[in-house]
Every structure is written in structure tokens, then in C-alpha cells.
Amino acid sequence: MKIGVLALQGAFAEHIAVLKRLNVDVVPVRLPHQLEELDGLIIPGGESTTITKLMVNYNLAHKISELAKKNFPIFGTCAGMIVIASGVANGKIEPIGAMAIKVKRNAFGRQVDSFETELAIPALGKKPFVGVFIRAPLIESVGKEVKVLAKLPDGTIVAARQDKLLVCAFHPELTDDLRFHQYFLDIISGKR
Amino acid sequence: MAEAKELQAPFELVAEIHKTGKLPVVNFAAGGVATPADAALMMQLGADGVFVGSGIFKSSDPAVRAKAIVQATTHYHDAKIIAEVSKNLGEAMPGLDIKQIPPEELLAGRGW
């Protein structure tokens, strides 16, 4: 299996390290031709304005949105979730609109308000998953084709899936828990 | 263990660095970065990111140069892109020749 990690800005090195631990081939994606022959793509966390601006160069945004229309598996974490959303409540961001979710950027406040918390994610099993929220976004609303995977105790949606599109507001690549990435690989191989 | 003792560093830290090949802290490069190629070089040497201040603002066309440096940092492995974005940027931040600085202004003489 060959997975691309969008490597324009942000936590791409950390995602690449996790995928290597899961023994898959990894391609850092900076140019459109690097999207060819991939089985899936991870769009990492980082700064969403920067990532979306850099995606416009070399036509990456267009190419990725074309792939998403063809049911190509994409996993967006934090800023990556914003990138594939269909609407962003705040900020001058133009997401590629692949997934029927509306998101809010920096939804929990400034850097000092970043936090870690244990999340119940039934799709990953009984053991709670530690969510690392760094100036994280949240999902304000989802379309009927979207399945919610995780919520905070107050009901805020922080992870969801729509067919082969997977998103979370937190950073699974910053923990030693490989289950979220494994879940994405299982979506690609059709096990989940 | 012997290596950790030799370095007088915690064993766990030495073992982790041996495994990952880098320190467990983010390493940003800064200072004297004036061209897109400078920024790309920092990345090739293993920096996680590059800070550029005067290299942009003391150049003749800061906006264009800032864009080019961002591109070169992202595509730091791609010599062709680095060459392409390095075209038509105007004048880079001027350097100072040590011989042209009056002795009383040299840090070595005046102290901080």
C-alpha cells in the first residue's frame, strides 16, 4: 500500500513517521505528479491558510479535489480537516469542498487553550484515544451522508467519516497510538 | 550506555536520538538567510523550518522575495523549482563588509 502525505507545511514529518511504523510506503506530496498511483492521501495539521495558499500553486488543490470526487481516500487532521471541508465559518479560507462538513477554525481559543483529552471512539475499540487539540478546529454541522466518530463531552463533533473521507480535529500523529491511522488504512483496503 | 556516559547525557535521550536520528525538539534556522537557496540549504541540512526577517524586509522587493523563500522552503529538494523561484527577485539584503564598519562599532571592540 502506498500513501501520500501532503508535505507543504505542518505536521507532515510526524504523519510519515507513523505510516512507516505501520509498514506502508509513504510519498511526501509537494507536486501534482506525486499524487499518481497512491492508494490514499493524508492532509496534515498545520496552518490552514498557509496550506490552502500553497495548494493553489502547481494546481494541487484542483488535482486533489478531482481525486476526492472519484472516491479517493483522504484523511484530514486538524488543518487538513479544514482543507477538505465544504464550508469554513471563519477566516478567508477556500476549502476544496470534498466532504459535507462545516467547520470552525481555532474553535477552542488561542495556543494557551490547547489541550489533551481522552476520547471515546467506538470505531477504534473500547480503549479511549488521547486527542491532542492544538488551536484546533471543530465540526459545526455534518451532512446526512457523514458518520460522526467522536464527540467531546459537551457534544462538539471532533471526528467524522464520509465514505472514504476521514477527518479529525486533533493530532493522532503526535501520540504513540496508531489506531486512527490503522483505521484509515482499513478504510482504504475495504475492511472498514 | 558507554556512549551516554561519554557524552554525560541521559541514556534514554541518547537511545531515542539514535533511533530517530534527531533531537526531540523542533529546530528552526534563522539569521542571515537572504535568498531562496539559503532557506532551502537550511532545510537540506535538517532544519524543521526557517525564520526570515531582515532577509525579506531589507531586500528591494519584500513581497516577491517572501513568496520565493516560502516556495524554496517547501520544495527544498527540488533544485529546478528553487532556480525558477530565484529569478527576478531584485536586490537581496545587502551584506556588511567588516572592513567598512568603524572600529568603535565593532562588537569585538565595543562589547554589547
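Here is the naming used below: chain letters follow the sequence lines, and residue numbers restart at 1 for every chain. Keep in mind that the numbers below use all heavy atoms, side chains included, and drop hydrogens, waters and symmetry copies.
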Looking at [X], I want to see if its [atom1] is surrounded by more than 12 non-hydrogen atoms of other residues, nucleotides or ligands under 6.0 Å.
X       : atom1 : result
R135(A) : CZ    : no
Q44(B)  : CD    : yes
N88(B)  : CG    : no
D176(A) : CG    : no

Using the rule given for side chain to side chain contact (heavy atoms under 4.5 Å, CB included), can you reason through L31(A) versus H75(B), listing the C-alpha separation, both sets of side-chain angles and the distance that settles it, and then say yes or no? CA-CA 9 Å; L31(A) 293 168; H75(B) 298 281; 3.7 Å; yes

Transitively linked via ILVMFWY side-chain contacts under 4.5 Å: V50(B) with Y76(B)? yes

Indicate the atoms forming the closest heavy-atom contact of L8(A) with T74(B), along with that distance. O-OG1, 3.4 Å

Side chain, backbone, both or neither: which part of D78(B) has a non-hydrogen atom closer than 4.5 Å to chain A? side chain

Is A7(A) in contact with chain B via its backbone, its side chain, both, or neither, using a 4.5 Å heavy-atom distance? backbone

Taking the side chain as C-beta and beyond, is there a heavy-atom pair between Q71(B) and N57(A) under 4.5 Å? yes

